[in-house]
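Just so you know, these numbers come straight off a predicted model, no measurement behind them. The basis for the numbers below is simple: all heavy atoms, side chains too, and nothing from hydrogens, waters or symmetry mates.
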Amino acid sequence: MAARALLTKLRVSRPALSRLVSAAGEAVLRAGKARYTRYAATGDVRGERSWPLYRIDGDARVIPMGEILALHGDHFFVALGKPNEVLQHRPFEDGIFPALPWYLDDQRPQGFQGRNLAHRIAGPSKLPSDIKFWSPKDAMVALLSEGHDQLGDLVIGEVALRRALDSIGAPQAVEPAGRGHAYLERAEAALRGEPVGSSAAGEQPKFTAILREGKCFRSVIVKFSDSISQAAGARWAQMLRMEQHAAAVLAQAGIPAARAEIIEAGGRVFLESTRFDRTSCLGRRGFVSLAPLAHAMYGHADITWRDFAVELERDGWIDQETASRMQIISWFGNQIGNTDMHLGNLALSLGDTLPLSLAPVYDMLPMVMRPGSNGAVIHRDVEFAMPRPGQFEQWRLAAPLALSFWEHVLGDEAIDDQVRVIATNAHDTLTTLVARIG
């Protein structure tokens, strides 16, 4: 609350307010300067009031960033050691946040691995067993103990930092030649709910791993299918292959995409994607998906990537080239049947200055083909959205990439007849649309 509002609420003079704040001690936080001063009641999380915030940079060095302080309810305050154009962007320039700071929101346990984490720690940590019911302070409890290998380069608290440094100094690395066996073991462990890496988001079963490559390392996220002897498992296996094709097509066109490789073992198919928020010496890079920006800065619950790109460019978050690329990627996703392009599935590289750059594309695949929740494999054709005025150029630039994708799919011997029918229909329909729109 601003000083003026607080004076009105309490019906006291400014000198009296100063005496009250002073007498309250640590119970009241004073933030901002002069007429922008605000006051907040402080709080705690399991008896702790504050924690250091660190960054692990690309060379695996620790950089102190500041301190996080618990406020009343689920609010938090961040005091940075030095000014930061991005982390202190309006309307959070005073460091007060209504929940976890937006730039830490992607670290919240979520998806398949988040549910596994909740299953393991809910009892000992006295948290709800379902992460859907976790408050921001519940998420903080988990991050303080388990937040050592989350997305991005930020780490909260000394316990998580020690664990992060231990994993950097003595990584449990997998030899590339033994990936098949190691991945099969990790898949089984993940399905049992055992810890197998960080809480990467997304509903597809997955785990994280570190590969040893000579004197360097490569951090990966590995998705895996059910047994390909089952219809749903076979379909997911083909979708993972199509995700690899999509990444290859984008990369060949000069659009960075997560490096992906297919591995088969034990009747499962694995898609190994290199983590772009990690370096070869196990250093880290900043990451923020579009979701926290959309929610915190714009109040969007849902918006297409191409429409959000316009707003982000307008407000200086990204430059014109990045906005155009986001629109092309959005149209490419529509043209290959990706029905799951939510705001968490495209990201920016989080840095200290604007504009931010686009992170490599990930999770790009024709989700229209996913099996139903009951495991049934249902035929669904790709539905193409039509560009609005002002969007034709990006639609036209995306179309050749999408046609190339469908050609890659049709040329893949592992793709079955059902998927081939969908791919053929999509390719033919898009070819007709290009003739009319292009």
>> Looking at Glu383, I'd like to know if its CD atom is crowded, meaning that more than 12 non-hydrogen atoms belonging to other residues, nucleotides or ligands lie closer than 6.0 Å.
In response: no
>> How long is the straight-line distance from CD1 of Ile328 back to CH2 of Trp395, given to the nearest 0.5 Å?
In response: 13.0 Å
> Are Pro98 and His75 close enough that some pair of their side-chain heavy atoms sits under 4.5 Å apart?
Replying inline: yes
> When you measure from the side chain of Asn334 to the backbone N and O of Ala385, does any donor-acceptor pair fall under 3.5 Å?
Replying inline: yes
> Got a sec: does the CZ of Arg314 have more than 12 other heavy atoms crowding it under 6.0 Å?
Replying inline: yes
> Would a distance-only check, ignoring hydrogens and angles, find a side-chain to backbone donor-acceptor pair under 3.5 Å from Arg284 to Arg55?
Replying inline: no
>> For Trp236, is there any backbone N or O sitting under 3.5 Å from a side-chain donor or acceptor partner on Ser225?
In response: no
> Do Leu358 and Leu348 have side chains that get closer than 4.5 Å, going by heavy atoms?
Replying inline: yes
>> Working note: Met326 + Leu312, criterion side-chain contact (heavy atoms from CB on, under 4.5 Å); need CA distance, chi angles, decisive distance, verdict.
In response: CA-CA 11 Å; Met326 282 178 60; Leu312 291 174; 4.2 Å; yes
>> Please find the pair of heavy atoms, one from Gly157 and one from Leu144, that lie closest to each other, and give the distance.
In response: CA-CD2, 4.3 Å
>> Just by distance, no angles: are the side chains of Glu272 and Tyr183 close enough, under 3.5 Å, to form a donor-acceptor pair?
In response: yes
>> Would the distance check show the side chain of Arg278 and the main-chain N or O of Arg218 forming a donor-acceptor pair, the cut-off being under 3.5 Å?
In response: no
> To the nearest 0.5 Å, what is the distance between OG1 (Thr8) and CE (Met1)?
Replying inline: 9.5 Å
> How about Arg4: does its CZ atom have over 12 heavy atoms from other parts shown lying under 6.0 Å from it?
Replying inline: no
>> So does Leu354 get a backbone contact from the side chain of Glu85, meaning a donor-acceptor N/O pair under 3.5 Å?
In response: yes
> Looking at CG of Leu6 and OG1 of Thr37, how far apart are the two atoms once the value is rounded to the nearest 0.5 Å?
Replying inline: 11.5 Å
>> Does any part of the side chain of Asp381, heavy atoms only, come nearer than 4.5 Å to the side chain of Thr429, both counted from C-beta?
In response: no
>> Are more than 12 heavy atoms, taken from residues, nucleotides or ligands other than Gln252, located less than 6.0 Å from that residue's CD atom?
In response: no
> Taking the side chain from His408 and the backbone from Ser404, do they hold a donor-acceptor pair closer than 3.5 Å?
Replying inline: yes
> So which heavy atom on Ser324 is nearest to which on Gln394, and how close?
Replying inline: OG-NE2, 3.4 Å
>> Assess the residue pair Lys137 and Phe76 against the criterion (side-chain contact (heavy atoms from CB on, under 4.5 Å)); give the C-alpha distance rounded to whole Å, side-chain angles, the decisive distance to 0.1 Å, and a yes or no.
In response: CA-CA 9 Å; Lys137 288 190 174 177; Phe76 289 90; 3.8 Å; yes
> Taking only residues two or more places apart in sequence or in another chain, which ones pass ring-ring contact (aromatic ring centres under 6.0 Å, His included) with Trp317?
Replying inline: His89, Trp102
> Where do Phe77 and Glu67 land on the side-chain contact (heavy atoms from CB on, under 4.5 Å) test, with the steps shown first?
Replying inline: CA-CA 8 Å; Phe77 172 74; Glu67 187 177 49; over 6 Å; no
>> So, using ring-ring contact (aromatic ring centres under 6.0 Å, His included) as the criterion, who are the partners of Phe308 when residues are at least two apart?
In response: Tyr298, His300
>> I'd like to know if Asp307 pairs up with Arg388 as an ion pair, taking the criterion as any Lys NZ or Arg NE/NH1/NH2 lying under 4.0 Å from an Asp or Glu carboxylate oxygen.
In response: yes
> salt bridge (charged side-chain N to carboxylate O under 4.0 Å, His left out): which pairs involve residues 240-249, sequence neighbours left out?
Replying inline: Lys223-Glu243, Arg241-Glu264
> Does the side chain of Ser135 come under 3.5 Å of the side chain of Asp138 through a donor N or O and an acceptor N or O?
Replying inline: yes
> Do Asn345 and His342 meet the criterion of a side-chain donor-acceptor pair at a distance under 3.5 Å?
Replying inline: yes
> side-chain hydrogen bond (donor to acceptor under 3.5 Å, both in side chains) between Thr322 and Asp319: does it pass, once the steps are laid out?
Replying inline: CA-CA 5 Å; Thr322 300; Asp319 59 23; 2.9 Å; yes
> Side chains of Arg275 and Thr208: donor-acceptor distance under 3.5 Å anywhere?
Replying inline: no
>> Assess the residue pair Asp352 and Lys82 against the criterion (salt bridge (charged side-chain N to carboxylate O under 4.0 Å, His left out)); give the C-alpha distance rounded to whole Å, side-chain angles, the decisive distance to 0.1 Å, and a yes or no.
In response: CA-CA 11 Å; Asp352 295 332; Lys82 58 182 180 180; over 6 Å; no
> Among all residues two or more places apart in sequence or in another chain, which pass the salt bridge (charged side-chain N to carboxylate O under 4.0 Å, His left out) test with Glu313?
Replying inline: none
> Can you tell me if Gln107 uses its side chain to pair, donor with acceptor, with the backbone of Leu154 under 3.5 Å?
Replying inline: yes
>> Would you say that more than 12 heavy atoms from the other residues, nucleotides or ligands in this model lie under 6.0 Å from the CD of Glu393, or not?
In response: no
>> Quick check on Arg49: does its CZ atom have over 12 non-hydrogen neighbours (other residues, nucleotides or ligands) under 6.0 Å away?
In response: yes
> Are Asp105 and Arg108 ion-paired here, with the side-chain N under 4.0 Å from a carboxylate O?
Replying inline: yes
> How about Trp134 and Pro109: do any of their side-chain heavy atoms sit closer than 4.5 Å?
Replying inline: yes
>> I need the Leu211 CG to Arg179 CZ distance, nearest 0.5 Å.
In response: 6.0 Å
> Does Asp153 use its side chain to pair, donor to acceptor, with the backbone of Arg285 at less than 3.5 Å?
Replying inline: no
> Does one side chain, of Ser330 or Arg306, offer a donor that lies under 3.5 Å from an acceptor on the other?
Replying inline: yes
Show me, pair by pair, the donor-acceptor contacts under 3.5 angstrom made by side chains of residues 59-66, not counting sequence neighbours?
{"unit_1": "Arg61", "atom_1": "NE", "unit_2": "Asp57", "atom_2": "OD2", "d": "2.9"}
{"unit_1": "Arg61", "atom_1": "NH2", "unit_2": "Asp57", "atom_2": "OD2", "d": "2.9"}

> Any donor and acceptor pair, going by atom type alone, linking the side chain of Thr279 with main-chain N or O of Gly58 inside 3.5 Å?
Replying inline: yes
>> Quick one: does any side-chain atom of Trp406 pair with a main-chain N or O of Ala426 as donor and acceptor, under 3.5 Å?
In response: no
> Using 30° and 60° as the class limits, which term best fits the ring planes of Phe112 and Phe224: parallel, tilted or perpendicular?
Replying inline: perpendicular
> Can you find a pair of side-chain heavy atoms, one from Ile422 and one from Arg380, that are under 4.5 Å apart?
Replying inline: no
>> Run the side-chain contact (heavy atoms from CB on, under 4.5 Å) test on Asp363 and Asp340 for me, step by step, so that the C-alpha distance in whole Å, both residues' side-chain angles and the decisive distance to 0.1 Å come before the verdict.
In response: CA-CA 9 Å; Asp363 283 353; Asp340 194 32; over 6 Å; no
> Is there a side-chain contact between Arg162 and His148, using heavy atoms and a 4.5 Å cut-off?
Replying inline: no
> Between Leu87 and Leu80, what is the shortest heavy-atom contact and its length?
Replying inline: CB-CD1, 3.8 Å
> Listed by chain and number, what are the side-chain contact (heavy atoms from CB on, under 4.5 Å) partners of Ala246, not counting sequence neighbours?
Replying inline: Phe332, Ile336, Met364, Phe405
> Between Tyr103 and Phe97, how do the two ring planes meet: parallel, tilted or perpendicular, split at 30° and 60°?
Replying inline: perpendicular
> Around Phe392, counting heavy atoms of other residues, nucleotides and ligands shown, do more than 12 lie under 6.0 Å from its CZ?
Replying inline: yes
>> Is it the case that the side chains of Gln418 and His379 hold a donor-acceptor pair, with the cut-off being a distance below 3.5 Å and no angle test?
In response: no
> Roughly how far, to the nearest 0.5 Å, is CD1 of Ile263 from CZ of Phe270?
Replying inline: 8.0 Å
> When rounded to the nearest 0.5 angstrom, what is the spacing between CZ in Phe384 and CG in Leu430?
Replying inline: 5.0 Å
